[in-house]
K.L.:
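A single structure is presented below for examination.
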Amino acid sequence: MRASGKCPDQRVFPAVLKCCTLLRDPKLGEAVHGCVIKVGVDGYLYTGNALMNMYAKFQGMVGLENQALELFDEMHELERSFLTGNESEPVDESEKCVLSNESNDGLKLRSDALDSSNQATVTANRICLWKDNVRKVFDTMPIRDVVSWNTVIAGNAQNGLYEEALMMVREMVDTNLRPDAFTLSSILPIFAEYVDVNKGKEIHGYAIRHRFDSDMFIGSSLIDMYAKCSRVEDSLQVFKLLPRRDSISWNSVIAACMQNLMFDEGLKYFRHMINYGVKLMPAAFSSVLPACAHLTTLHLGKQLHGYITRVGLDDNIFIASSLVDMYAKCGKIEQARCIFNRMERHDMVSWTAMMMGCALHGHAHDAISLFKHMEADGVRPNYVAFIAVLTACSHAGLAEEAREYFDSMTRDYGISPGLEHYAAMADLLGRAGKLQEAYELIASMQFEPPGGVWSALLAACRVHKNVELAENVVEKIIRVDPENIGALVIMSNIYSAAKRWKDAARVRIMMKEMGFRKKPACSWIEVRNKVHAFIAGDNSHPLYDKINEALGVLSDQMEREGYVPDLSEVLHDMGDEEKRRSLQNHSERLAIAFGIISTPPGTTIRIIKNIRVCLDCHVAIKFISKIVGREIIVRDNSRFHHFKDGKCSCGDYW
DNA sequence: CTAGGGTTAG
């Protein structure tokens, strides 16, 4: 059009600007903005709205800065003036003439104009925030309508400027414009983020009063908002009342369940969604796969993976990251690695998921190597990435490397360590026996250390049998977290192990007074696509008698091989025989015995336990793996232990 | 011309 000499009018630009937005091409977009100004149609409502939307969407796009600096000097004065906005360049008729000149050089002129404004533009991107661009457009608009306000409000909300967004809603009301469905669905995510269910409900009420509550967009936002405020019941209710549902409404309700650990419920909605014939969007899998990862239901994860491959969603970075995580959590680290290697692009989350996987399997050097590759790739590690690499170091006892990463986090990336980083460091130093150093690190924290950080050190005190430090640590834990009975359980174990019976008894009395109820630890094993769960002393399993018999036989053989049960930490006062029996009834042993009797010889046995495998069981499983000649893989909350031929992959360092 | 959901976390 430009080449033919036809001067575009205001009706052209909204569509063109939308194209630039959808193409995610800031250079082109700002070139068109230049054109808008030159042609003199920047005062039109729709054009201004489209421009603001474009700049809001371009926020966060980076990568052209260096090029921009190089080109800055070559920039034409004309473009510089209107893009930096210090003075408004009058658009005179001769300029318009040149730009719309009907000549053979038309195309060249056009591309020249684009090129020079590109250079200016990219630089402008660097020197002004998107906010300034939007603001400039917004402030100079002669007329603003609801769409103008909604655009700026959504732009602020999506770019994390929450207070700014909310302020603009109030300003909007002051100019006698009513917030509509667009406004509400833009600001609801803010209250989800703030976990402010009261404000969220206020919006819900407003939506009902104005008959917006059957709007699918508002519905999804409400479902999400309630879910993030731990009010799943309300999420389900909103979903139920929606007259129409699209794939996003379904995905929101599935995610709502998963975020609140209602995995079975979430899977139920997932199946319903498929039955209703809703088109499966990539996001659907991003909620369901993590559920498989949590439940470690490998068979379901594999089915989903097969489905994903068939519909060609393999290359979606969200899905691929979830698959990496799912396979790693289900014990298939090679498969996770394979998917990771096949991804054409890695972002910070996929690197982190892979590192966590390696950490989980004790492959610390792989995790560190991944971290280095990530940095070399120009991907900035964030808070979570550092948790991953520190956890990996902790599981392999790499104290020096961990210290280096811990320091690098603040020094090189300006991320201040949070409680997870301190917990990982405390765990690591503690396992390495550097209890004093761990204590000092925690004591040096910028904020009051929560109980969880001290607990890492307490576990180390137990392994290294340091009663005095443990007492000190428990005191700190109880001060910040008086309900933490777990700490008392460990303390009582530590006293028992040191044969300080009186102290052990004293702690147990305290526990009783606090209304101590032992939360049972649970172990799961998947046999022929069915998950079997065991808790300590539970005899409700149909094969309990056989399991018990098998354990008895194993026990004899183990003792012949030199296994001595470690009775020192058994909680209750009872005779040795009773103590033995109580150890034998630990959930992981029941699960392993069930695995042995219900799978063919030689099959690997995989167990998931919801808390740390106990000291005695760790030793016992080594014996069992040798006696039955099987590989036994036990995953506790934080890591995998591979037992084979009487040895464990993590040695005695666990 | 404007709006909603999703991946990693001891």
Side-chain angles (χ1 to χ4, degrees), chain A residues 13-15 17-18 21 44-54 56-57 145-155 157-158 179-189 192 212 215-225 227 246-256 258-259 281-290 293 316-326 328-329 347-357 359-360 381-388 390-391 394-395 418-428 452-453 455-456 459 612 636-639:
Chain A
F13 288 102
L17 288 166
K18 175 140 180 135
T21 311
Y44 284 90
L45 178 63
Y46 279 31
T47 307
N49 289 347
L51 276 170
M52 293 192 296
N53 182 46
M54 181 182 78
K57 293 292 187 307
D145 67 353
V146 183
V147 177
S148 320
W149 286 95
N150 283 345
T151 305
V152 185
I153 291 166
Q158 287 159 359
D180 64 3
F182 283 83
T183 327
L184 302 189
S185 47
S186 298
I187 59 168
L188 271 169
F212 293 142
D215 182 287
M216 280 194 292
F217 284 81
I218 294 181
S220 314
S221 300
L222 283 170
I223 291 168
D224 180 55
M225 184 275 297
D246 66 0
S247 66
I248 296 188
S249 337
W250 280 100
N251 291 332
S252 304
V253 81
I254 294 168
M258 303 309 188
Q259 282 159 11
M281 307 283 280
F285 294 104
S286 302
S287 294
V288 174
L289 284 170
N316 179 293
I317 197 157
F318 277 68
I319 291 187
S321 303
S322 297
L323 281 172
V324 166
D325 180 56
M326 186 275 293
K329 290 223 172 81
D347 66 356
M348 208 266 309
V349 172
S350 51
W351 285 107
T352 304
M354 192 66 242
M355 284 192 283
M356 264 337 289
L360 198 60
N382 75 348
Y383 191 89
V384 186
F386 276 102
I387 296 175
L390 289 177
T391 306
S394 140
H395 286 182
L419 59 114
E420 296 94 337
H421 305 101
Y422 279 106
M425 287 301 289
D427 184 66
L428 173 113
V453 179
S455 302
R612 188 181 270 230
D636 66 21
N637 273 357
S638 64
R639 59 196 302 197

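In the text below, chain A, chain B and the rest are named by the order of the sequence lines, each starting its count at 1.
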K.L.:
Does A:M355 reach a base, just sugar-phosphate, or nothing at all? Heavy atoms under 4.0 Å.
P.N.:
nothing

K.L.:
Using a cut-off of 4.0 Å on non-hydrogen atoms, how would the nucleic acid contact of A:P282 be classed: base, sugar-phosphate, or nothing?
P.N.:
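If one applies the 4.0 Å heavy-atom cut-off, A:P282 turns out to touch a base.
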
K.L.:
By side chain to side chain donor-acceptor pair (under 3.5 Å), which residues pair with A:D145, not counting sequence neighbours?
P.N.:
A:N49, A:S148

K.L.:
Figure out the CE/C1' separation between A:M54 and B:dT2, and round it to whole Å.
P.N.:
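Computing the A:M54:CE to B:dT2:C1' distance gives 15 Å.
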
K.L.:
Considering only side-chain heavy atoms of A:S455, which listed nucleotide, B:dA3, B:dG6, B:dG10, is closest?
P.N.:
B:dG10

K.L.:
Under the criterion side chain to side chain contact (heavy atoms under 4.5 Å, CB included), I'd like the reasoning laid out for A:W250 against A:M281: C-alpha separation, chi angles, the key distance, then a yes or no.
P.N.:
CA-CA 10 Å; A:W250 280 100; A:M281 307 283 280; over 6 Å; no

K.L.:
Identify which nucleotide among B:dG4, B:dT8, B:dC1 has an atom closest to any side-chain atom of A:V147, counting heavy atoms from C-beta outward.
P.N.:
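Out of B:dG4, B:dT8, B:dC1, the nucleotide with an atom closest to A:V147's side chain is B:dC1.
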
K.L.:
Within this structure, what is the CG-to-P distance between A:L222 and B:dA3, rounded to whole angstrom?
P.N.:
18 Å

K.L.:
Would you kindly give the CZ-to-P distance between A:F212 and B:dG4, to the nearest whole Å?
P.N.:
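To the nearest whole Å, that distance equals 16 Å.
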
K.L.:
Any donor and acceptor pair, going by atom type alone, linking the side chain of A:S394 with main-chain N or O of A:L390 inside 3.5 Å?
P.N.:
no

K.L.:
Between A:S249 and A:V253, is any pair of side-chain heavy atoms under 4.5 Å apart?
P.N.:
no

K.L.:
Closest approach to the side chain of A:T151, judged atom by atom: which nucleotide of B:dT2, B:dT7, B:dA9 is it?
P.N.:
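Of the options given, the side chain of A:T151 lies nearest B:dT2.
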
K.L.:
Side-chain contact test, heavy atoms from C-beta onward, threshold under 4.5 Å: evaluate it for A:M216 versus A:I248 and give yes or no.
P.N.:
no

K.L.:
Among B:dA9, B:dA3, B:dG6, find the nucleotide with the atom closest to the side chain of A:F182.
P.N.:
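My answer, after comparing the listed nucleotides, is B:dA3.
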
K.L.:
For A:A154, answer base if it contacts any base atom (sugar-phosphate contacts may also be present), sugar-phosphate if it contacts only those atoms, and nothing otherwise; contact means non-hydrogen atoms under 4.0 Å.
P.N.:
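If one applies the 4.0 Å heavy-atom cut-off, A:A154 turns out to touch the sugar-phosphate alone, with no base involved.
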
K.L.:
Using only side-chain N and O atoms of A:K18, determine if any of them is under 4.0 Å from OP1 or OP2 of B:dT2.
P.N.:
yes

K.L.:
Hey, is the side chain of A:S185 pairing donor to acceptor with the base of B:dA3 inside 3.5 Å?
P.N.:
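Such a pair is found, so the answer is yes.
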
K.L.:
Counting only side-chain N and O atoms of A:K57, is one of them less than 4.0 Å from OP1 or OP2 of B:dC1?
P.N.:
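Looking at the OP1 and OP2 atoms of B:dC1, neither is under 4.0 Å from any side-chain N or O of A:K57.
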
K.L.:
In whole Å, what is the span from the CG atom of A:D246 to the C1' atom of B:dG6?
P.N.:
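Distance check: A:D246 CG to B:dG6 C1' gives 14 Å.
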
K.L.:
Which is true for A:G452 with a 4.0 Å heavy-atom rule: it touches a base, it touches only sugar-phosphate, or it touches nothing?
P.N.:
base

K.L.:
Which of these nucleotides, B:dG10, B:dT7, B:dC1, is closest to any side-chain atom of A:N49?
P.N.:
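Output: B:dC1.
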
K.L.:
With sugar-phosphate meaning primed atoms plus P, OP1 and OP2, does A:M281 contact a base, only sugar-phosphate, or nothing at under 4.0 Å between heavy atoms?
P.N.:
base

K.L.:
Using whole Å, report how far CE of A:M356 lies from P of B:dT8.
P.N.:
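To the nearest whole Å, that distance equals 11 Å.
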
K.L.:
Looking at every strand, decide which applies to A:D180 at a 4.0 Å heavy-atom threshold: base, sugar-phosphate, or nothing.
P.N.:
nothing

K.L.:
Determine whether the side chains of A:D224 and A:S221 contain a donor N or O and an acceptor N or O closer than 3.5 Å.
P.N.:
no

K.L.:
Let's see if you can work this out: which of B:dT7, B:dA9, B:dC1 has an atom nearest to the side-chain heavy atoms of A:S322?
P.N.:
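Nearest to the side-chain atoms of A:S322, counting from C-beta on, is B:dT7.
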
K.L.:
Who pairs with A:F212 by side-chain contact (heavy atoms from CB on, under 4.5 Å), at least two apart in sequence or on another chain?
P.N.:
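Expected list: A:D180, A:A181, A:L184, A:Y206, A:A207, A:H210, A:I218.
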
K.L.:
Using a cut-off of 4.0 Å on non-hydrogen atoms, how would the nucleic acid contact of A:S252 be classed: base, sugar-phosphate, or nothing?
P.N.:
sugar-phosphate

K.L.:
Tell me what A:A424 touches on the nucleic acid: a base, only sugar-phosphate, or nothing, going by heavy atoms under 4.0 Å.
P.N.:
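Since no nucleic acid heavy atom lies under 4.0 Å of A:A424, the category is nothing.
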
K.L.:
Look at the side chain of A:S286 against the base of B:dT7 and say whether a donor-acceptor pair falls under 3.5 Å; ignore hydrogens and angles.
P.N.:
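There is none.
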
K.L.:
Would you kindly give the CH2-to-C1' distance between A:W351 and B:dT8, to the nearest whole Å?
P.N.:
14 Å

K.L.:
With the side chain counted from C-beta on, respond yes when A:S286 and A:F318 share a heavy-atom pair under 4.5 Å apart, and no when they do not.
P.N.:
yes

K.L.:
Report yes if at least one side-chain N or O of A:Q158 is closer than 4.0 Å to OP1 or OP2 of B:dG4; otherwise report no.
P.N.:
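Answer yes for this pair, as a side-chain N or O of A:Q158 is under 4.0 Å from OP1 or OP2.
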
K.L.:
Per the atom types in the model, does the base of B:dG4 pair as donor or acceptor with the side chain of A:D215 at under 3.5 Å?
P.N.:
no

K.L.:
Expressed in angstrom and rounded to an integer, what is the separation of A:L188 atom CG from B:dA3 atom P?
P.N.:
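Distance, rounded to whole Å: 15 Å.
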
K.L.:
The side chain of A:N316 lies closest to which of these nucleotides: B:dT2, B:dG6, B:dT8?
P.N.:
B:dG6

K.L.:
Could you work out which one of B:dG10, B:dA9, B:dT7 sits closest to the side chain of A:V384?
P.N.:
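Out of B:dG10, B:dA9, B:dT7, the nucleotide with an atom closest to A:V384's side chain is B:dA9.
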
K.L.:
Would you mind telling me which of B:dG4, B:dT8, B:dT2 lies closest to the side-chain atoms of A:P189?
P.N.:
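Per side-chain heavy atoms of A:P189, the pick is B:dG4.
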
K.L.:
OP1 or OP2 of B:dT2 less than 4.0 angstrom from a side-chain nitrogen or oxygen of A:N53, does that happen here?
P.N.:
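Yes, A:N53 has a side-chain N/O under 4.0 Å of OP1/OP2 on B:dT2.
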
K.L.:
At under 4.0 Å between heavy atoms, what does A:S350 touch on the DNA or RNA strands: base, sugar-phosphate, or nothing?
P.N.:
nothing

K.L.:
From CE of A:M258 over to C1' of B:dA9, roughly how many Å is that when rounded to an integer?
P.N.:
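Between C1' of B:dA9 and CE of A:M258: 19 Å.
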
K.L.:
Contact class for A:S220 (heavy atom, under 4.0 Å): base, sugar-phosphate, or nothing?
P.N.:
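Base contact - A:S220 has a heavy atom under 4.0 Å of at least one base atom.
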
